[in-house]
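When a ligand or atom number is given, it counts from 1 through the structure's own listing order. Only heavy atoms go into these numbers, but all of them, side chains included; no hydrogens, no water, no symmetry mates.
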Amino acid sequence: MEKRELGKTGLKVSAVGFGASPLGHVFGDVPLSVAIAAVRRALDLGINFFDTSPYYGGTVSETVLGQCFKAIGVPRDQIIVSTKCGRYREGFDFSAERVTRSIDESLTRLGLDYVDILHCHDIEFVSLDQIVNETIPALQKIKEKGKARFIGITGLPLNIYTYVLDWVPPGSIDVILSYCHFGINDSTLVDLIPYLKSKGAGVISASPLAMGLLTDSGPPAWHPASDELKSACKLAAEHCRKKGKQITKIAMQYSLLNKDISTVLVGMNSPTQVEENVAAALELSSSGIDKELLNELENILGPVKNQTWPSGIQQS
Ligand code: NAD
């Protein structure tokens, strides 16, 4: 598995990262034995980056991921782990007091002494001034205590990144995690990359399958996309099926094409999904992408290209 440098952190993350939200049962139930098998297979195949959050399944994802690490007995220096703070099942709380308590709770659930990255989770739902003036300074203190090595911010709208990175002291945000903005149906993250590079922020892109839109089984009921976008993605999946091809494979490969994106986080809940997604990455390295199929899918998805959905509050 190819490893890529993550911004200026010195971390070398696998190009395919393990998104652990499915381990919080957000896409359906996952027995613990299957979760352990999925994480074990990921490690065997060279995936070293695991992302979770206290929000996923109301802390279940963190707990299960911690149980997986313990059961497998993974050496700490072989894995890169990110979790988040500020978003919880109960709602949002980015106060210094809550995020300071949050990291201790996360470390206990994960069974770790530190995480590699601590992200502010979905910052568009609160005042970005609070993130700049209160949350990031609190995370700096967490970093100084050695509980997190690096600091990140996540969210859907791309303008949150420029707002926050323009206002925080240079170097105080190490990475950003964007989702649903670098895949076949939406590639808008690419326009932001030169700016992110100029700020020295590493780039993590999540949800290459558009949170289930680009899969045969389709998105979960809670998916926020419009019916128009859901229908177009369904047509794209049907087109692949008719040609005897897998939409997940080409969607995964597309997301891996841009090497300025250090890692692509895909949510996985079984060893089979891990194997398929790693195989897609390996095939991309050896044979490149199926250009004919990509062209056909881009035509099908053309009418909804870069269509997204509202997320968060109006910033004043
Ligand atoms: P995704 O696009 O990765 O899709 C995940 C869905 O696709 C799950 O249902 C999974 O079981 C399924 N899947 C994966 N591989 C498959 C395969 N080969 N065949 C068929 N189905 C397959 O969406 P996601 O899980 O939401 O995103 C990936 C990860 O990125 C998350 O787990 C999380 O760690 C991170 N993320 C973070 C944020 C944030 O910080 N705001 C937002 C979204 C995602």
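- At a 4.0 Å heavy-atom cut-off, the residues surrounding ligand 1 are G19, A20, S21, P22, F27, D51, Y56, K84, H121, D122, T154, L177, Y179, A206, S207, P208, L209, A210, M211, G212, T215, T248, L265, V266, G267, N269, Q273, E276, N277, listed by chain and number.
- Through direct or relayed side-chain contacts under 4.5 Å between Ile, Leu, Val, Met, Phe, Trp and Tyr, V13 connects to L6, L11, F49, I80, I117, F150, V175, L177, I204, L265.
- Ring planes of F92 and F94: parallel class, angle under 30° (limits at 30 and 60°).
- Each of R89, K84, R87 was evaluated against Y56; a single residue qualifies, K84, per the side chain to side chain donor-acceptor pair (under 3.5 Å) test.
- Pairing each heavy atom of T188 with each of L158, the nearest pair is OG1-CD1, 3.6 Å.
- Nearest heavy-atom pair across E124 and G155 is OE1-CA, 3.2 Å.
- Under 4.0 Å is where a charged nitrogen must lie from a carboxylate oxygen, and between E2 and K259 at least one such pair does.
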